[in-house]
Chemist: 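Below is a structure I'd like to ask you about.
Order of the sequence lines fixes the chain letters, A, B, ..., with proteins taken first and strands second; residue numbering starts at 1 for each chain.
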Amino acid sequence: MKSSVITFPGSNCDRDMDVALKKFGFKNKMVWHADAELPKSDLVVLPGGFSYGDYLRCGSMASKSKIMQSVINFANSGGMVMGICNGFQILVETGLVPGVLLRNKYLEFICKNVFVKIKDKKNKYFKNVDNEVLELHIAHNEGNYFCTKDQLKEIEDNNQIAINYCDENGKIEDRFNPNGSIKNIAGIFNKEKNVLGMMPHPERMIDTSLSGEDGSLFFKNLINNLK
Amino acid sequence: MKISVIITLKKDVLDPQGKIIHQTLDGMGFDDVNEVRQGKYFEIDTKETDNDKAKAKVEEMCKKLLANLVIENYKIIDSK
């Protein structure tokens, strides 16, 4: 399986993602944002970081990068595109997934482990994951998911919510919501579910020497689903 | 020609920065403030000399980059 990780000026989780993808069997290529063409890929990842210094709105500049037109075409033709953290912010700015990510409700940069409940498994990202709840890491200042009422209805009607913030038992309540996201949303799909945007970083949970291995479950499963 | 743009958050969108500014003003003794909403202001100096054409271009910039229409409104202010 071939993957591509896009590096934007200010990306800082691109190499972590490269390590994670390779660890679980992807042949990964790093792609520079100013390139026009994507290499042949089964998965394209927009990594976390602070692309363009978060100027204007997080992800807004990166969403207009040269490579993004190829990424958008790839996604629109059914290709798997995953945006993590800043990558999620870039995805919402392209319009590939609905909504926006606002400043965290309590104006704090949040860096901690959280639990997320997998809301939908009828997709290539979470199909066959045994767990209902994953422990993943978040680190963001703008992760407060927001969308209009009409968008929310559409998202819910199409089962586009991928994961919700919850407690270790999968209970989804306001007190387990770290950043004020609508409905505790931590990640969403596009309508066709080939595009996933999420705030948590699975690439930070792939080794016991890090703070956990639930990211390993995610990647092992992902590559199997793509084969 | 210079064109100015003001971007504001839509009414229903939470503005935590505006809230904190409000609280701080309150603490400083400005206790008659009802609400504070924070926005953005841009000055765009364009080569275009026709006022209508320049405004149309800036409107396109607002829609494509300067504003995110899910949460923000834009207002183009006449050039001087």
Chemist: Drop me the distance from Asn68(B)'s CG to Ser63(A)'s OG, to the nearest 0.5 angstrom.
Modeler: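 Here the interatomic distance stands at 9.5 Å.
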Chemist: Go through Ile7(B), Leu66(B), Leu9(B), Asp12(B) and name the one with the most non-hydrogen pairs under 4.5 angstrom from chain A.
Modeler: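 Top option by heavy-atom pairs under 4.5 Å: Leu66(B).
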Chemist: Is the shortest heavy-atom distance from the side chain of Val100(A) to the side chain of Val13(B) under 4.5 Å?
Modeler: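 Val100(A) does not reach Val13(B) side chain to side chain.
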Chemist: Examine whether an atom of Asn104(A) lies under 4.5 Å from a heavy atom of chain B, and if so say whether it belongs to the side chain, the backbone or both; otherwise answer neither.
Modeler: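 When you check distances to chain B, only backbone atoms of Asn104(A) fall under 4.5 Å.
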Chemist: Non-hydrogen atoms of chain A under 4.5 Å away: do they reach the side chain of Leu65(B), the backbone, both or neither?
Modeler: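 Its backbone and side chain both get close to chain A.
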Chemist: Might you confirm whether atom NZ of Lys193(A) has over 12 heavy atoms from other residues, nucleotides or ligands at distances under 6.0 Å?
Modeler: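 It does: Lys193(A) NZ has more than 12 such atoms within range.
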Chemist: Is any side-chain heavy atom of Lys40(B) less than 4.5 Å from a side-chain heavy atom of Arg57(A)?
Modeler: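 Lys40(B) vs Arg57(A): side chains touch.
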Chemist: Looking at NZ of Lys64(A) and NZ of Lys64(B), how far apart are the two atoms once the value is rounded to the nearest 0.5 Å?
Modeler: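 Here the rounded value is 8.5 Å.
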Chemist: Quick check: are there more than 12 heavy atoms from other residues, nucleotides or ligands sitting under 6.0 Å from NZ of Lys121(A)?
Modeler: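 Yes, because the 6.0 Å sphere around NZ of Lys121(A) holds more than 12 heavy atoms from other groups.
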Chemist: Which region of Glu72(B), side chain (C-beta onward) or backbone (N, CA, C, O), has a non-hydrogen atom less than 4.5 Å from a non-hydrogen atom of chain A, or is it both or neither?
Modeler: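 Contact with chain A is through the side chain of Glu72(B) alone.
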Chemist: In terms of heavy-atom pairs under 4.5 Å, which option from Leu107(A), Asn144(A), Val92(A) contacts chain B the most?
Modeler: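 Looking at each option in turn, the highest pair count goes to Leu107(A).
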Chemist: Do the non-hydrogen side-chain atoms of Asp15(B) and Arg103(A) ever get within less than 4.5 Å of each other?
Modeler: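 Counting from C-beta outward, Asp15(B) and Arg103(A) never come under 4.5 Å.
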Chemist: Considering residues, nucleotides and ligands other than Lys191(A), do more than 12 of their heavy atoms fall under 6.0 Å from its NZ?
Modeler: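 No, NZ of Lys191(A) has 12 or fewer neighbouring heavy atoms, counting only those of other groups under 6.0 Å.
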Chemist: Using non-hydrogen atoms only, which part of Leu56(A) is less than 4.5 Å away from chain B: side chain, backbone, both, or neither?
Modeler: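 Backbone plus side chain of Leu56(A), per the 4.5 Å heavy-atom cut-off to chain B.
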